[in-house]
Amino acid sequence: MTVQKLVIVGEKQLKGETSVSGGKNSSLAIIPAALLADGPCTIENVPDIQDIHVFETILRSLGAEVSYQPAERLMVIDPRTVSSCTVSYDLARQLRASYYFMGALLGRLGEANVPLPGGCDIGARPIDQHRKAFTALGTQVSDTGGALALKGNPVGTRINFDLVTVGGTINAMLAAVRAKGNTVLSNAAREPHVVDVANFLNSIGARVRGAGTDTIRIEGRGHLRGGIYTVIPDQIETGTLMIAAAATRGDVVIRDTIPTHMEALTAKLLEMGVKVTTDDDVIRVQFGDIHRNLQISTQEYPGFPTDLQQPISALLTRAKGTSVVTENIFSNRFKHLQEMERMGALVRISGNVATIEGVTQLRGAQVSASDLRCGAALVIAGLMARGTTEVDHVEYIDRGYEQLEEKLNALGADITRTTVEE
Ligand code: UD1
């Protein structure tokens with residue numbers, strides 16, 4: 001079997017301009033949401049990443065007509081031919097976001113059979129809140145050998161989430177937009193991609209109000225038309241590029257961003273001593289004179305995103321002083337730091353808290369990515385380290401970052417992709 005590695009020669013400063021691709025998590029919710037339309041939907045700014053290719057296959061397997069042009073970042077979905085309500089296990093297990101086919105198929109057909117999702121191994125990822133929402137909407141929910149079987153047209157209701165869940169909020173929205181009657185979601189997630197999905201749904205005739213606050217009100221509509229919609233820039237890719245610029249003590253201008261989505265990270269980089277300036281859709285990150293230690297505690301939006309915890313804690317391994325990183329969203333999200341110990345990082349992990357003693361230098365080593373953001377963190381570690389770092393299991397990175405090494409190389413990094421026999 002052949003596998004791919006990234007070989008990174010470290011200590012190259014990143015300099016110049018780059019731009020951010022369309023949002024992964026937005027696209028992975030908006031594409032299933034297009035199944036709710038009664039006409040073709042054209043989705044622009046869809047990133048060319050592996051997870052999107054899996055979704056294309058799922059859409060076709062359901063009977064939708066799909067034209068995906070990765071080079072144009074364009075996907076056209078005509079859901080009028082959808083005839084199946086069943087997603088295969090082999091496809092669903094490849095990624096977390098396959099759970100959105102539950103809400104979308106339920107909203108369209110009143111029925112869905114979707115295997116429990118796969119995705120990154122970053123700790124327990126139950127979907128009890130999704131089930132709670134479907135049940136509240138009057139749907140029969142049963143487990144059938146590792147899959148969820150949903151039956152019954154949704155009827156509007158009130159749903160109070162027991163915890164803040166991005167996936168649960170979006171799934172409830174998808175199931176409710178065509179429901180009979182009105183739905184109110186309380187304790188809803190406020191992430192930018194929740195708002196993006198609501199904006200897409202509204203653009204095709206839905207009535208979703210309050211997305212971006214913790215209360216979302218949905219007036220059920222029997223009919224949704226097709227339309228054209230442009231996905232927002234990827235918040236996590238933006239943050240990864242910002243952190244990479246800071247980590248290499250570089251000077252990078254990042255275009256096609258939404259700076260307000262980045263406020264939690266920007267505040268922390270400023271606190272570290274990094275210079276961050278913004279103008280319209282542009283963010284510039286420049287090295288100051290020192291990288292100070294930080295206290296980071298992940299939270300739901302608008303707090304510090306868990307998906308950027310791994311990249312920023314890689315950066316903190318070289319900050320001056322002791323940093324403390326508390327991961328509040330997922331239980332197993334420090335594997336990158338354990339890998340970085342091979343590179344000379346000094347880390348103590350106790351439960352959901354990582355204590356990082358900054359070192360003056362990291363050295364290149366062979367390390368292994370075990371999930372998507374772990375991969376991104378290890379690339380940042382390789383950019384900082386003296387010598388050569390080899391990051392294997394690149395497939396995790398390819399799931400969610402569009403041309404990460406190309407973008408970094410264009411800024412002055414030295415990263416090559418090699419294929420080896422395993
Ligand atoms: C989504 C993102 C992921 C991000 C995460 C948090 C996608 C495809 N993935 O994942 O990149 O890291 O939001 O911002 O958009 N929980 C339950 N029961 C549930 C649902 C969630 O206990 O039914 C818990 C989870 O275990 C976790 C927390 O709630 O501890 C947040 O999870 P959630 O917001 O649902 O994350 P995902 O939708 O899986």
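For reference, positions follow the sequence shown, starting with 1. Read the numbers this way: they start at 1 and go in the same order the structure lists the ligands and their atoms. When reading the values below, keep in mind they use all heavy atoms of this one structure, side chains included, and skip hydrogens, waters and symmetry mates.
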Check [X] against ligand 1 and report side chain, backbone, both or neither, counting heavy atoms closer than 4.0 Å.
| X | result |
| --- | --- |
| Leu28 | neither |
| His193 | side chain |
| Tyr301 | neither |
| Asp307 | side chain |

Under the ring pair (Phe, Tyr, Trp, His ring centres under 6.0 Å) rule, what pairs show up with a residue in residues 17-37, not counting sequence neighbours?
-> none
Determine which pairs satisfy ring pair (Phe, Tyr, Trp, His ring centres under 6.0 Å) with at least one residue from residues 160-219, sequence neighbours left out, and list them in order.
-> Phe200-Tyr229
Need the ligand 1 atom indices (1-based, order shown) with element for anything under 4.0 Å from a heavy-atom of [X].
| X | result |
| --- | --- |
| Gly167 | 35 (O), 38 (O) |
| Tyr99 | 10 (O), 37 (P), 38 (O), 39 (O) |
| His130 | 23 (O) |
| Arg333 | 12 (O) |
| Ile127 | 19 (C), 23 (O) |

Would one find more than 12 heavy atoms of other residues, nucleotides or ligands at under 6.0 Å from atom CD of Glu395?
-> yes
Please confirm whether [X] comes within less than 3.5 Å of ligand 1 when only nitrogen or oxygen atoms on both sides are compared.
| X | result |
| --- | --- |
| Arg373 | no |
| Gly168 | no |
| Gln129 | yes |

Roughly how far apart are Thr183 OG1 and Glu219 CD, rounded to 0.5 Å?
-> 10.5 Å
Side chains of Tyr401 and Arg373: does their closest heavy-atom pair fall under 4.5 Å?
-> yes
So do Leu404 and Leu6 actually touch side chain to side chain, heavy atoms under 4.5 Å?
-> no
Options Gly303, Gly23, Pro126, ranked by nearest heavy atom to atom 17 (C) of ligand 1, top entry | Pro126
Tell me which one of Thr169, Ile329, Leu308 gets a heavy atom nearest to atom 28 (C) of ligand 1.
-> Ile329
Would you tell me whether [X] and [Y] have side-chain atoms, one donor and one acceptor, within less than 3.5 Å of each other?
| X | Y | answer |
| --- | --- | --- |
| Asp162 | Gln129 | yes |
| Asp371 | Gln310 | yes |
| Gln338 | His336 | no |

